[in-house]
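All values below come from the heavy atoms of this structure, side chains included, with hydrogens, waters and symmetry mates left out. Every chain is numbered from 1 and lettered A, B, ... according to where its sequence line falls, protein lines coming before strand lines.
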Amino acid sequence: MISRYEPRRLEEKWQKIWAQRRLFEAGEDPSRPKYYVLEMFPYPSGRIHMGHVRNYTIGDVVARYKRMRGFNVLHPMGWDAFGLPAENAAMARGLHPASWTYDNIAYMRGQLKELGYSYDWPRELATCDPDYYRWEQLVFIEMFKRGLAYKKKAPVNWCPKCETVLANEQVEGGLCWRCDSPVHLQELEQWFFKITAYADELLADLDHLEHWPERVLTMQRNWIGKSTGAEILFPLKDGGEPIKVFTTRQDTLWGATFMSLAPEHPLALALAKGTPQEAAVQDFVDHWRAQDRSRGVLEEITKEGVFTGRFCLNPVTGWEMPIYVANFVLMEYGTGAVMAVPAHDQRDFEFAQKYGLPVKVVIQPPGEELRAESLKAAYEDEGVLVDSGEFTGQASAPAKEAIAAFLEQAGKGRKAVHFRLRDWLISRQRYWGAPIPIIYCEKCGMVTAPEQDLPVTLPLDVSLTGEGGSPLAQLPSFTNVTCPACGGLGRREVDTMDTFVESSWYFLRYACADYREGVLDRKRVDYWLPVDQYIGGIEHAVLHLLYARFFTKVFRDLDLVKIDEPFQRLLTQGMVLKDGAKMAKSKGNVVDPNDMIQAYGTDTTRLFLLFAAPPERDLEWSDQGVMGGHRFLHRLWTLAHNLLPRLKDAGAYQGTGADLSGGLGEFRRKVHQTIQKVSGDIEDRFHFNTAIAAVMELINAFYQAAEDHAQEEKALPVFREALEAILLLLYPMVPHITEELWEALGYNTSLQLAPWPQAQAEALAEAARTVVIQINGKVRSRITVAAGLSDPELENAALNDPVVQKWLQGQTPKKVVVARGKLVNIVI
RNA sequence: GCCUGGGUGGCGGAACGGGUAGACGCAAGGGACUUAAAAUCCCUCGGGGUUCGCCCCGUGCCGGUUCGAGUCCGGCCCCAGGCACCA
């Protein structure tokens with residue numbers, strides 16, 4: 001036993017022992033409750049950074065804690081290994097993306113091992129492994145057969161820098177989520193997953209995710225963006241296909257005085273054709289197409305439009321409504337056409353003012369009468385219908401229902417629900433991703449790759465030049481293939497899948513990472529899933545977390561899993577900041593975990609990250625704070641070593657505390673109070689910062705008690721009990737130092753196998769307690785009384801307190817309140 | 001504009017059924033030990049006043065409920081994140 005605290009030495013020692021004893025490898029055991037804790041797996045970018053360390057430390061504490069609580073814990077780790085950075089790095093350095101990726105994985109795995117995380121390493125997986133993505137290809141084929149994977153031509157987001165398309169979720173404020181380049185729309189034929197088929201369920205099930213942060217739920221609700229309203233058909237005055245609009249305000253239909261079309265609407269140019277307005281409309285649309293539509297610019301654009309020269313008819317009033325093309329109407333939402341109700345929609349109001357279009361009030365607010373002539377702004381709230389035929393006099397809400405039903409009956413429209421959510425665009429014109437298992441045949445069209453031929457392996461003999469589009473398209477050995485249907489000449493799909501596809505189901509595969517008979521081993525997956533606790537950054541609120549929910553539902557419908565939702569509880573941990581900003585190479589404020597481990601050890605690094613802030617909040621890195629954590633571990637070490645020679649042979653205290661004299665009894669009470677406090681902080685809230693603070697207090701008290709009772713033989717069992725409790729409580733957070741001290745106490749099994757300590761009820765009971773006395777709500781005195789005094793007795797004791805007597809000066813109090821046996825408030 | 005968080009010492013943060021505001025840690029100041037420094041240990045540490053007993057003020061701002069409000073209610077200000085011409 002060494003007496004100096006040398007963190008690196010003992011951390012290596014224990015990491016080796018844990019691995020040898022295979023302590024963290026979990027098997028299915030129906031006799032024990034299971035607990036699946038998972039942290040979002042990393043992209044193998046090269047090095048583990050402090051954000052990872054924080055994320056994985058939180059998860060590791062949970063895993064180790066739950067094991068001590070008797071759970072059969074699954075805690076796996078793997079690699080989100082496909083992605084563009086590998087290609088870029090490869091091109092810049094002449095490496096192959098595969099070797100770059102696998103080298104990074106090897107290095108980062110080493111880092112994670114040095115950090116001492118309790119992962120079930122045999123379950124490790126990398127998504128770029130053909131043994132992983134082959135199952136994804138199989139799922140793709142199943143989805144294709146069911147119409148959940150399909151190809152269509154559509155205007156899609158193109159990032160010129162990444163030279164690939166992006167899903168809507170991956171465009172943030174008009175910029176590429178990965179490289180911040182402005183994205184523009186391009187008409188391309190692309191692969192989509194039909195996530196909109198699950199829009200309703202994805203929205204509804206959010207209500208059952210009680211243990212998800214409210215803001216994530218809100219972000220997903222907003223993203224899905226359900227609105228209930230009606231589709232209404234407006235016949236053209238001159239005949240032809242009517243114009244279909246979507247509105248949530250069918251109660252304002254009688255006030256619709258003109259029609260607005262999106263510039264991309266197919267009717268925009270078609271209608272104008274042959275009218276005197278044709279040139280003007282063409283001009284307007286051309287101008288609009290050239291317009292920079294990135295965020296910010298868009299907000300500044302004034303509402304403009306142009307008359308098409310044609311009219312449609314209001315289906316209920318029969319009025320002629322001029323049809324305009326307007327720059328604020330979105331083709332992507334609804335039907336790309338809007339019935340304009342200037343009195344009750346601000347945009348339409350402004351548009352009507354500008355072009356001198358009629359305004360007609362059809363909704364009256366309570367207690368006021370609006371007049372079209374004097375309207376200064378649209379009245380957008382609900383109210384009572386006026387001038388609306390048989391619906392006049394009804395309130396907006398019931399009128400909406402009635403009007404939708406009426407339109408449906410009259411064949412002029414129907415009740416309808418629209419979503420903001422679009423289908424998930426998953427094809428990427430890149431090399432380093434999972435190939436889409438589709439073959440094109442002149443004769444047979446699109447054919448899926450035969451299941452026995454899976455995986456469609458990503459060829460490695462590729463040269464990445466960065467020019468000429470998708471690298472796979474330039475590889476005849478890959479593209480040329482015989483059609484599985486007719487045996488004729490076929491051509492492989494050269495797009496690869498969005499890497500978010502891999503991360504949408506990896507948490508399922510961990511349950512049976514070695515399974516070779518199919519996508520998932522149903523038995524094992526049913527045992528482990530859902531994930532009980534998922535931990536990761538907020539940045540995935542509507543990306544990964546939405547896709548993963550979608551995939552889980554698809555897998556369920558493919559009869560691969562039985563769960564509806566993948567993640568029971570979600571913790572979104574805050575960022576690690578330095579000097580008030582997110583750590584970044586470009587800002588020069590990066591703290592390398594390796595340096596911290598070298599200088600102070602893993603335990604200190606973990607301790608600081610847990611102590612500096614509660615997990616969901618951002619954490620400001622502080623070198624001094626790290627030293628504070630290190631100091632604390634030294635104090636623990638020194639305390640233990642001062643006592644060890646005498647504690648080795650002492651047994652832990654066994655009694656109820658009744659036989660202990662004042663100081664010792666109080667110290668023992670503190671021990672049990674700390675057990676209670678730490679258990680609550682970890683179990684209910686994951687507030688490791690206050691849990692650590694409580695143990696710090698206990699250790700401070702321990703130093704005092706060790707001094708006060710240095711010579712007392714009967715103190716030794718109490719001290720032994722206290723030290724054991726401290727080691728047990730701290731183990732999940734700082735596992736190495738506690739294992740070392742546990743061993744020094746004479747144990748030869750890992751602390752991980754010891755049960756979590758239990759606070760003893762008798763030890764918590766206090767003989768005397770301090771009661772706070774307030775006068776008119778202000779603290780004026782404190783008295784010590786025997787435990788178990790009744791409220792009237794307490795009141796009496798308080799009134800007899802000399803300080804109270806002084807304040808009372810003989811008066812009788814107006815009122816005395818006794819609160820929870822802890823506080824007396826005297827009102828005078 | 002809408003939605004979700006959040007405003008507490010010099011700093012990170014506690015106060016989880018309304019009941020001792022500032023636990024724990026960092027920094028700072030003073031002292032002990034040392035030839036000296038580091039390390040370690042002890043004391044002080046929201047502001048103001050003080051007869052050193054205590055007293056007054058204080059949790060973004062204004063008001064309310066209550067014996068009692070950081071905590072509840074109403075109104076406002078500021079910060080962060082998300083969405084944003086969504087019909």
Q: Scan R635(A) against the nucleic acid and name what it touches under 4.0 Å (heavy atoms): base, sugar-phosphate only, or nothing.
A: sugar-phosphate
Side-chain N,O (R631(A)) to OP1/OP2 (rC26(B)) below 4.0 Å
yes
Looking only at heavy atoms, the pair that brings L203(A) and K226(A) closest together is CD2-CD, 3.5 Å
Applying the 3.5 Å cut-off to both distances, the Watson-Crick or G-U partner of rG58(B) turns out to be none
- prompt: Which part of the nucleic acid does V779(A) contact within heavy-atom distance under 4.0 Å: base, sugar-phosphate only, or nothing?
  reply: sugar-phosphate
To the nearest angstrom, the CG-P distance between D618(A) and rG82(B) comes to 12 Å
Separation of rC67(B) atom P from N776(A) atom CG, nearest Å, is 12 Å
From the candidates rG12(B), rC67(B), rA87(B), the one with an atom nearest any side-chain atom of A612(A) is rG12(B)
Decide yes or no on side chain to side chain contact (heavy atoms under 4.5 Å, CB included) for V804(A) and V824(A), but give the supporting numbers first.
CA-CA 11 Å; V804(A) 173; V824(A) 181; over 6 Å; no
Checking N1-N3 plus N6-O4 or O6-N4 for Watson-Crick, or N1-O2 and O6-N3 for wobble, each under 3.5 Å, the partner of rG5(B) is rC79(B)
Tell me whether the OP1 or OP2 atom of rA15(B) has a side-chain N or O from R685(A) closer than 4.0 Å.
yes
Query raised in the report: Side-chain N or O of R780(A) less than 4.0 angstrom from OP1 or OP2 on rC56(B)?
Result: yes
Base orientation of rG10(B), chi within 90° of 0 counted as syn, else anti, reads anti
d(D251(A) CG, H344(A) NE2) to nearest 0.5 Å is 8.5 Å
* Determine the contact category for W177(A): base if any of its heavy atoms lies under 4.0 Å from a base atom, sugar-phosphate if only primed atoms, P, OP1 or OP2 are that close, otherwise nothing. => nothing
Rounded to whole Å, CG of L639(A) lies from P of rU40(B) at a distance of 15 Å
No-H, no-angle donor-acceptor pair, K814(A) side chain to rC67(B) base, under 3.5 Å | no
* Asked: When you compare rG31(B) with rA23(B), how far apart are their C1' atoms, in angstrom units rounded to a whole number?
  -> 25 Å
**OP:** Using only side-chain N and O atoms of R347(A), determine if any of them is under 4.0 Å from OP1 or OP2 of rC86(B).
**Re:** yes
By nearest-heavy-atom nucleotide on RNA chain B, the more 5' of Y333(A) and K815(A) is K815(A)
note: L206(A), atom CG; rC3(B), atom P; distance rounded to Å ~ 18 Å
- Task: Ignoring backbone atoms, establish whether K822(A) has a side-chain N or O less than 4.0 Å from OP1 or OP2 of rG17(B).
- Result: no
rC45(B) versus rG25(B) - spacing of their P atoms, nearest Å: 15 Å
Scanning all shown strands, the Watson-Crick or wobble mate of rU51(B) with both distances under 3.5 Å is none
Regarding the side chain of N222(A), the nearest nucleotide among rA87(B), rU20(B), rG82(B) is rG82(B)
Answer for the Watson-Crick or wobble partner of rA84(B), both distances under 3.5 Å, is none
_Tell me whether the rings of H544(A) and H540(A) are parallel (<30°), tilted (30 to 60°) or perpendicular (>60°)._
perpendicular
Check this one for me: any side-chain N or O of N689(A) less than 4.0 Å away from OP1 or OP2 of rA14(B)?
yes
Which of rG17(B), rC56(B), rA23(B) is nearest the side chain of R820(A)? It is rG17(B)
Select base, sugar-phosphate, or nothing to describe what P213(A) touches, counting heavy atoms under 4.0 Å on all strands. nothing
Practice item. May I ask you to say what K677(A) touches in the nucleic acid, namely base, sugar-phosphate or nothing, with a heavy-atom cut-off under 4.0 Å? Key: base
Q | Ring centroid separation Y324(A) to F351(A) under 6.0 Å | A | yes
If pairing means Watson-Crick or G-U wobble with both distances under 3.5 Å, then the partner of rG13(B) is none
*Check whether any side-chain N or O of R215(A) sits under 4.0 Å from OP1 or OP2 of rC83(B), and answer yes or no.*
no
_OP1 or OP2 of rA84(B) versus the side-chain N and O atoms of R420(A): is any pair under 4.0 Å?_
yes
Notebook entry, point to check: If only side-chain N and O atoms of T690(A) are considered, is one of them under 4.0 Å from the OP1 or OP2 phosphate oxygen of rC16(B)?
Noted result: no
Between CD1 of I775(A) and P of rU20(B) the distance, given in whole Å, is 16 Å
So, under a plain 3.5 Å distance rule, would you say the side chain of N825(A) forms a donor-acceptor pair with the base of rC67(B)? yes
Taken to the nearest whole Å, CG/L633(A) to C1'/rG25(B) is 13 Å
query: At under 4.0 Å, does any side-chain N or O of R782(A) touch on OP1 or OP2 of rG19(B)?
result: no
By nearest-nucleotide position on RNA chain B, the 5'-leaning member of Q624(A) and A337(A) is Q624(A)
Of rG19(B), rG82(B), rC55(B), the nucleotide closest to the side chain of Q774(A) is rG19(B)
- Taking C-beta and beyond as the side chain, do P7(A) and D603(A) meet within less than 4.5 Å on heavy atoms? no
rC45(B) -> Watson-Crick or G-U wobble partner, both distances under 3.5 Å, gives none
(request) Look at all strands and tell whether V817(A) reaches a base, only sugar-phosphate, or nothing, counting heavy atoms closer than 4.0 Å. (result) base
note: I224(A), atom CD1; rC86(B), atom P; distance rounded to Å ~ 19 Å
For this session: Provide the distance between the two C1' atoms, one in rG30(B) and one in rG74(B), to the nearest whole Å.
Result: 49 Å
Which of M339(A), R414(A), K412(A) passes side-chain contact (heavy atoms from CB on, under 4.5 Å) with I232(A)? Answer is M339(A)
Considering only heavy side-chain atoms of T248(A), the closest of rA87(B), rC57(B), rG25(B) is rA87(B)
Original post:
Taking the six-membered ring for Trp, is the centroid-to-centroid distance between Y600(A) and F608(A) below 6.0 Å?
Top reply: no
Expected label for rG9(B) (glycosidic angle, syn inside 90° of 0, else anti) would be syn
Quick note, V329(A) side chain, CB onward, closest among rA23(B), rG19(B), rA87(B) is rA87(B)
Taken to the nearest whole Å, CZ/F632(A) to P/rA39(B) is 19 Å
Residue pairs passing the side chain to side chain donor-acceptor pair (under 3.5 Å) test with at least one member in residues 622-631 of chain A, sequence neighbours excluded, are T604(A)-H630(A), W621(A)-D623(A)
